[in-house]
Protein chains: 2
Amino acid sequence: MISGKFAITIHILTLLHKFPNDYLSSEFIAGSINLNPVLVRKEIANLKAHHIVESKEGKNGGTKLAVNAADLTLKQIFEMTFETIGLGFAKNQPNPDCPVGKNINQHLEVLYSEMNQNVSRQLEGISLEDFSNQF
Amino acid sequence: MISGKFAITIHILTLLHKFPNDYLSSEFIAGSINLNPVLVRKEIANLKAHHIVESKEGKNGGTKLAVNAADLTLKQIFEMTFETIGLGFAKNQPNPDCPVGKNINQHLEVLYSEMNQNVSRQLEGISLEDFSNQF
DNA sequence: AAATTTGTAACATATTTTATTACAGTATGA
DNA sequence: TCATACTGTAATAAAATATGTTACAAATTT
């Protein structure tokens with residue numbers, strides 16, 4: 001399911017890239033996104049789990065990039081934020097006695113999987129540095 | 001935002017393609033999807049607005065395909081169901097005093113627009129007939 | 001020790017999606 | 001012509017998901 005995680009995460013990473021020498025606080029980042037700092041910290045927790053950023057607790061603490069922005073692709077960010085492209089499935093199990101109902105989700109899965117590969121190829125060609133340098 | 005409209009619509013159209021000589025009732029279709037008939041009728045209303053299906057009211061009424069399945073592409077269905085691919089925007093207006101916040105949505109829009117073109121090209125190559133003949 | 005910040009859990013609110021009920025209008029055919 | 005079986009659509013309800021808030025322990029700096 002699609003949510004704003006990708007957008008939030010890329011916003012965080014762009015900021016970190018713009019201030020490579022500072023530990024940015026979640027409050028500061030939240031001020032740029034206009035979002036609750038707790039939500040920022042949640043996304044940062046995810047980035048930390050993937051060793052993309054490091055953070056420091058305590059006074060003057062915060063977060064900074066731990067990888068080279070040229071090596072981090074939007075595809076990786078896409079995947080780290082658990083995003084997948086899809087156009088929905090029937091929520092309730094479709095009728096198994098109907099030849100269409102029985103197989104539709106399986107066929108949709110193949111289609112969506114191809115869409116994801118397609119988008120992944122595109123996002124693989126864009127680094128965080130590329131994205132950030134647009135600003 | 002992504003929902004199940006595309007999946008529901010393609011399910012409906014696949015059924016209609018499988019029974020080209022019958023007017024299928026929303027109840028019958030809903031039984032295959034395992035969905036409330038009213039929701040089926042809503043999607044059919046949309047298809048009717050695009051002249052993809054025709055329907056007949058009253059007893060023994062229902063819906064049938066009004067176009068050649070070979071000529072209807074998944075791209076068209078994608079667009080008719082108002083779907084777009086995206087990975088979210090910051091909901092709240094990002095901070096306009098921050099160079100990143102000020103421009104991020106605009107840059108995301110460009111990125112998402114490219115993703116949509118990419119996916120559209122893919123879906124353009126698949127007709128309803130192609131999809132339906134998998135079953 | 002005081003101040004500031006992360007990390008995280010628990011809870012609350014808002015938004016979106018899906019489902020239900022209800023009923024007027026239309027066509028069929030016994 | 002009347003009972004039946006549909007569509008079309010509005011109004012409302014429920015469920016699911018996403019987003020926001022509060023609270024506070026733990027860590028670090030000065």
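Basis for what follows: all heavy atoms, side chains included, without hydrogens, waters or symmetry-related copies. Lettering of chains follows the sequences in order, A, B, ..., and the numbering in each one begins at 1.
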Salt bridge (Lys or Arg N to Asp or Glu O under 4.0 Å): pairs with one or both residues in residues 16-33 of chain A, sequence neighbours excluded
none

Which pairs count as salt bridge (Lys or Arg N to Asp or Glu O under 4.0 Å) when at least one residue sits in residues 28-48 of chain A, sequence neighbours excluded?
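Pairs touching residues 28-48 of chain A that pass the test: A:Lys5-A:Glu43.
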
Using nucleotides 5-8 of chain C, report all nitrogen or oxygen pairs with the protein that are shorter than 3.5 Å.
from	atom 1	to	atom 2	distance (Å)
C:dT5	O4'	A:Gly58	O	3.3
C:dT5	O2	A:Gly58	N	3.3
C:dT6	OP1	A:Ser26	N	2.7
C:dT6	OP2	A:Ser26	OG	2.8
C:dG7	OP1	A:Lys48	NZ	2.3
C:dG7	OP1	A:Ser55	OG	3.0
C:dG7	N7	A:Arg41	NE	2.9
C:dG7	O6	A:Arg41	NH2	3.0
C:dT8	O4	A:Arg41	NH2	3.4

Whole-Å distance between [N] [atom2] and [X] [atom1]?
{"X": "A:Glu54", "N": "D:dA27", "atom1": "CD", "atom2": "P", "result": "18 Å"}
{"X": "B:Ile29", "N": "D:dC6", "atom1": "CD1", "atom2": "P", "result": "12 Å"}
{"X": "B:Tyr23", "N": "C:dT26", "atom1": "OH", "atom2": "C1'", "result": "14 Å"}
{"X": "B:Ile33", "N": "C:dT18", "atom1": "CD1", "atom2": "P", "result": "12 Å"}
{"X": "A:Asn36", "N": "D:dA18", "atom1": "CG", "atom2": "P", "result": "17 Å"}
{"X": "B:Phe6", "N": "C:dT18", "atom1": "CZ", "atom2": "C1'", "result": "19 Å"}
{"X": "B:Glu83", "N": "C:dT16", "atom1": "CD", "atom2": "C1'", "result": "14 Å"}
{"X": "B:Leu35", "N": "C:dT17", "atom1": "CG", "atom2": "P", "result": "15 Å"}

Suppose we screen for ring-ring contact (aromatic ring centres under 6.0 Å, His included). Which residues come up paired with B:His107, at least two apart in sequence or across chains?
A:Phe135

Kindly determine whether A:Tyr112 and A:Met115 satisfy side chain to side chain contact (heavy atoms under 4.5 Å, CB included), including the steps that lead there.
CA-CA 5 Å; A:Tyr112 296 169; A:Met115 284 167 55; 4.0 Å; yes

To the nearest 10 degrees, how far apart in direction are the end axes of the helix from C:dA1-D:dT30 to C:dA30-D:dT1, each fit to five base pairs?
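End-to-end axis angle for the helix from C:dA1-D:dT30 to C:dA30-D:dT1: 0°, rounded to 10°.
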
Please list, chain by chain and in numerical order, all residues satisfying side-chain hydrogen bond (donor to acceptor under 3.5 Å, both in side chains) with [X], sequence neighbours excluded.
{"X": "A:Ser127", "answer": "A:Asp130"}
{"X": "B:Asn116", "answer": "none"}
{"X": "A:Ser32", "answer": "A:His11"}

Flag side-chain contact, heavy atom, 4.5 Å: A:Val40 against A:Ile44:
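A:Val40 vs A:Ile44: side chains touch.
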
For B:Glu54, all residues meeting salt bridge (charged side-chain N to carboxylate O under 4.0 Å, His left out), sequence neighbours excluded
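Checked B:Glu54 against salt bridge (charged side-chain N to carboxylate O under 4.0 Å, His left out); zero matches.
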
